[in-house]
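Each remark here refers to the structure printed beneath this line.
Bear in mind that the values here come from a model prediction, so they are computed numbers and not experimental data. In listed order, ligands and their atoms are each counted from 1.
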Amino acid sequence: MTVVIKGGTIVTADYTYKSDILTQDDKIVAIGKDLEVPSGADVIDAGGCYVMPGGIDPQTHMQLPFMGTNAVDDFYTGTAAMMTGGTTMLIDFVIPEKNTSLLENYHTWRGWAEKAAADYSFHVAVTWWGDGVADDMRSLAKNHGVNSFKHFMAYKGAIMADDEIMVRSFNVAKELGAMVTIHGENGELVAHLQEKLIQQGIKGPEGHPASRPPEVEGEATNRSIRLAEMIGVPIYIVHTSSKDALDAIIAARLRGQVVFSEVLSQHLVIDDSVYRDPDWRTAAHHVMSPPFRPKKHQEALWHGLMSGLCQTTATDHCSFTTEQKLMGKDDFTKIPNGTGGLEDRMSILWHHGVNQGRLTLNQFVACTSANAAKIFNIYPRKGAILVGSDADIIVWDPEKSRTISAQSHYQKVDFNIFEGMEVKGVNIATVSRGKITYLDGDLRAERGVGEYVNRPCFSPYFRQAARLHELKQVQPVHRD
Ligand code: URQ
Ligand code: ZN
């Protein structure tokens, strides 16, 4: 397969320049002005468009078994939908039930992902501790390209990791040169507040944000950061949604700690008024954790991205239909937590970030692709436009507009949390591993062509995280 992308302006996390790109099979093989078009090559006219690295979504949950049901988008529908919006790789999660083998669960999820239409990788969640967990982590890191282990501090009674699990897991991650990632909400407090609210007769979706206010996220985020500091392992906070959590992250970074922060596209533009919608279904569709916050938190998140204190954006795509959300009709704690969005993230960041003057073109690429590749140690194979990089490339028309709607989206879920939002800045072509998989509305996703991406341990950030820890070591006093 040979593709030439002609006449565009290449935008990477570092540079913006006019040039053509030639891809051969699944790699970029040449970048230059007025490139020759080999006979038989496919040509994409990128005149007036930006040509960028395909988006990387570092947090998704395809077909996740969760809260008594399964997320409705699977590894085929989700990867197909994301390519229409300009994302060419996702990092999903293996989430073992307590007391089940991490390694066996990894193989189960690998089986589910064989139908993927684009590249993918897996963080693995440590949801319990006992015989075999450390050895499974070692095998996953050394033999299966897993360099990140997830810890849900929320979801008590299900997948919640307490301090003991985190301390033990963080120590093994440090031994392996792996990143620890965190869902930072205090699950004990959430359970307590949920019980109180139900007792008070607050059973609708408006109870959801009240059971997990920003303080609950701030406490857990800070606690996990401190644990990582004392153990000397780099830490990545997923879906940072509040100023409370952001303050803890910024304070740690200013102390020299290696802490990364991810922001969801939906948390940047949707606020907590959705939970007071008179239509129960609309309010329930927005039940996700952490919840949507009062508006003031959105500007703090934008400032985090603009300043580089937040590095990545994701969607946490975990989609449930109206039917599934109705499982919590009489009790908000039973509404499956999760929203969709992996198809719209790039347009949301462009329209509300670049068009509004918040993000430069290069910052857009950094926070939608390159930084995730760097943090999870697959750069510049992914997240870059360089000779030798994977040919994951998108062609972006900054003048084209579209209105986001469940009526026209490719995601399987019957609701779109950005319903009716008009965005200017649209992906018009996607090249995934050198194949044109989307062109002017024509989706050509192929089931099963997506490949698993190994992510090596001991990223460059690892040494930095270990250094701070070494500085804290006590030296023995030799007494005569
Ligand atoms: O917590 C997560 O990230 C998963 C279970 C998706 N659901 C959610 O509400 N964020
Ligand atoms: Zn989460």
Starting from [atom], what is the nearest protein heavy atom, named by residue and atom, and what distance separates them?
atom	result
atom 1 (O) of ligand 1	Tyr155 OH, 2.6 Å
atom 10 (N) of ligand 1	Asp316 OD2, 2.6 Å
atom 9 (O) of ligand 1	Ser289 N, 2.7 Å
atom 4 (C) of ligand 1	His61 NE2, 3.5 Å
atom 7 (N) of ligand 1	Asn337 O, 3.1 Å

Practice problem: Under the ring-ring contact (aromatic ring centres under 6.0 Å, His included) rule, what do Phe415 and Phe320 come out as? Steps first, then yes or no, please. | Solution: CA-CA 9 Å; Phe415 185 90; Phe320 298 104; over 10 Å; no

Self-check item: Near-ring test His151/His123, centroid separation under 6.0 angstrom
Solution: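 No, the ring of His123 stays outside the 6.0 Å limit from the ring of His151, centre to centre.
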
Exercise. Using the six-membered ring wherever Trp is involved, compare the ring planes of His267 and His239 and label them parallel, tilted or perpendicular (cut-offs 30° and 60°).
Key: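 Perpendicular.
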
Taking only heavy atoms of [X], which atoms of ligand 1 are found under 4.0 Å from at least one of them?
X	value
Cys318	6 (C)
Met288	9 (O), 10 (N)
His239	3 (O)
Gln59	3 (O)

Quiz item: So Met67 and Gln324, side chain to side chain contact (heavy atoms under 4.5 Å, CB included) or not? Walk me through it.
Solution: CA-CA 10 Å; Met67 293 180 72; Gln324 290 173 301; over 6 Å; no

Practice problem: Verify side chain to side chain contact (heavy atoms under 4.5 Å, CB included) between Ile159 and Phe66, making sure each step is shown before the conclusion. | Solution: CA-CA 10 Å; Ile159 55 176; Phe66 190 55; 4.3 Å; yes

I'd like to know if [X] and [Y] make a salt bridge, using a cut-off of under 4.0 Å between side-chain N and carboxylate O.
X	Y	value
Lys203	Asp331	no
Glu451	Arg433	yes
Lys295	Glu299	no

Quiz item: Should Lys150 be counted as touching ligand 1, given the test is an N or O pair under 3.5 Å?
Solution: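 Such a contact does not occur with ligand 1.
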
Quiz item: Nearest to the Zn ion (ligand 2), which N, O or S atom of His183 do we find?
Solution: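 The nearest such atom is ND1.
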
